[in-house]
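The structure under discussion appears below in the form of structure tokens.
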Amino acid sequence: MRESRPVAVETRHLIQDTLPAISEGGAPAAEVSQYACQRRTTTDNYNVVFTDAFEVLAECYEFNQMDGRCLAFRRAASVLKSLPRGLSSLEETHSLPCLGGHAKAIIGEILQHGRAFDVEKVLSDERYQTLKIFTSVFGVGPKTAEKWYRSGLRSLDHILADQSIQLNHMQQNGFLHYGDISRAVSKAEARALTKVIGETVQAITPDALLALTGGFRRGKEFGHDVDIIFTTLELGMEENLLLAVIKSLEKQGILLYCDYQASTFDLTKVPAHSFEAMDHFAKCFLILRLEASQVEEGLNSPVEDIRGWRAVRVDLVSPPVDRYAFALLGWTGSRV
DNA sequence: AGGCAATACTG
DNA sequence: CAGTAT
DNA sequence: GCCT
């Protein structure tokens, strides 16, 4: 159970990837599924210029409570991210799903001028800029951000200075660790945390299985959080294990925030859709204190930061061992 | 015209 | 129940 | 906004 050995498990993408064929010297063939879970997941995005634009528009629509349009641009971005190479002409979009008139117009504009009018307009909008900053705080969503904006607040300092604002627990932690959790997590930091969790698990149950999942498992160099899955060979004890791990992290003095969600997994009720069962396993969303001394290559922190530690968002999932093994097998077969 | 993932937790 | 998170 |  060395942290680098276990096979990838990714909560959302348990369905087999279908790699789109690349026609010789031409456009990506019409092989992109309209379903995100069947699209190729890659480390590299060859269409950042377009996907960034779509994400700005999606965010804008989200701030304006236009969930449908928001979703449409999120999907469009997701489709382009799955492509094996960068778009170089509008024609290449013809076979792609989730790209309609608006999305194609944006692509055309960017291909031609390097930027799109609608996007530039959003980016220069004060309301958009402010809501973007507000929602970058963990625990602050569009509704709260909008409420603050309407009351005339324009910066995080304004929020913190306003005595009438009552932050909930999540938001308090969001502000408390703002710098840390909005800064990328390096692969070295993810490895260090995997080791911390691995040793914690090991100390409770010697016969445990554990794997680093999520983006790092797919080879990414940076992420915004660390996803780890683990279980015990003793079927039925996985929830106890997770609870014991949380207790131990607390005792170690590194548990800064914890949102625990008990298992809702029930074989009798969801046997046919056992893929989606990942959502039902015991899990927790944490903020952990990571010591610089535990990271081989040092923390991903600015040089002037002399604390010797940083906060990191960590998600732990603990499925029953039979599900764990199943997930590992499925993933191995699909990617190697 | 109607749907867009689904769901658990907090306050 | 509304709001946020994964 | 895009799809059915």
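So that the names make sense, note that chain A is the first sequence line, chain B the second, and so on, each numbered from 1. Values in this document were obtained by computation on a predicted structure and should not be read as measured data.
The side chain of A:Ala262 has B:dC9 as its nearest neighbour among D:dG1, B:dC9, D:dT4. Closest contact between the side chain of A:Phe73 and the listed nucleotides D:dG1, D:dC2, C:dT4 involves D:dG1. Nearest nucleotide to the side chain of A:Gln261, out of B:dA8, B:dA5, C:dT4: B:dA8. The side chain of A:Thr144 lies closest to C:dG3, out of B:dC9, D:dG1, C:dG3. Closest contact between the side chain of A:Pro142 and the listed nucleotides D:dC2, C:dT6, C:dT4 involves C:dT4.
Side-chain N/O atoms of A:Arg313 include one lying less than 4.0 angstrom from OP1 or OP2 on C:dT6. In this model, the phosphate group of B:dT7 is not approached by any side-chain N or O of A:Thr264 to a distance below 4.0 Å at OP1 or OP2. Neither OP1 nor OP2 of B:dT10 sits under 4.0 Å from any side-chain N or O of A:His169. Neither OP1 nor OP2 of C:dT4 sits under 4.0 Å from any side-chain N or O of A:Gln171. Of the side-chain N and O atoms in A:Arg75, none sit less than 4.0 angstrom from OP1 or OP2 of B:dG3.
A:Tyr257 places its OH atom 12 Å from the P atom of B:dC9, with the value rounded to the nearest Å. A:Phe134 places its CZ atom 17 Å from the C1' atom of C:dT4, with the value rounded to the nearest Å. Between A:Met170 atom CE and B:dA8 atom C1' the separation is 10 Å, expressed in whole Å. In this structure, A:Phe138 atom CZ and C:dT4 atom P are separated by 12 Å, rounded to whole Å.
Side-chain N or O atoms of A:Ser78 include none that pairs as donor or acceptor with a backbone N or O of A:Arg74 at under 3.5 Å.
Evaluation of the ring-ring contact (aromatic ring centres under 6.0 Å, His included) test over residues 221-257 of chain A, restricted to residues two or more places apart or in two chains, returns A:Phe138-A:Tyr257, A:His169-A:Tyr257.
Ranked by how close their nearest DNA chain B nucleotide is to the 5' end, A:Leu71 and A:Tyr260 are led by A:Leu71.
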For A:Cys284 and A:Ile246, what are the C-alpha separation, side-chain angles and deciding distance, and is it a side chain to side chain contact (heavy atoms under 4.5 Å, CB included)? CA-CA 9 Å; A:Cys284 62; A:Ile246 292 170; 3.9 Å; yes
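Separating the P atom of D:dC3 from that of B:dA5 is a span of 14 Å, rounded to the nearest Å.
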Dot-bracket for DNA chain B: what is it, with Watson-Crick or G-U pairs under 3.5 Å, [ ] where a pair crosses earlier ones, and | for a pair to another strand? ||||.||||||
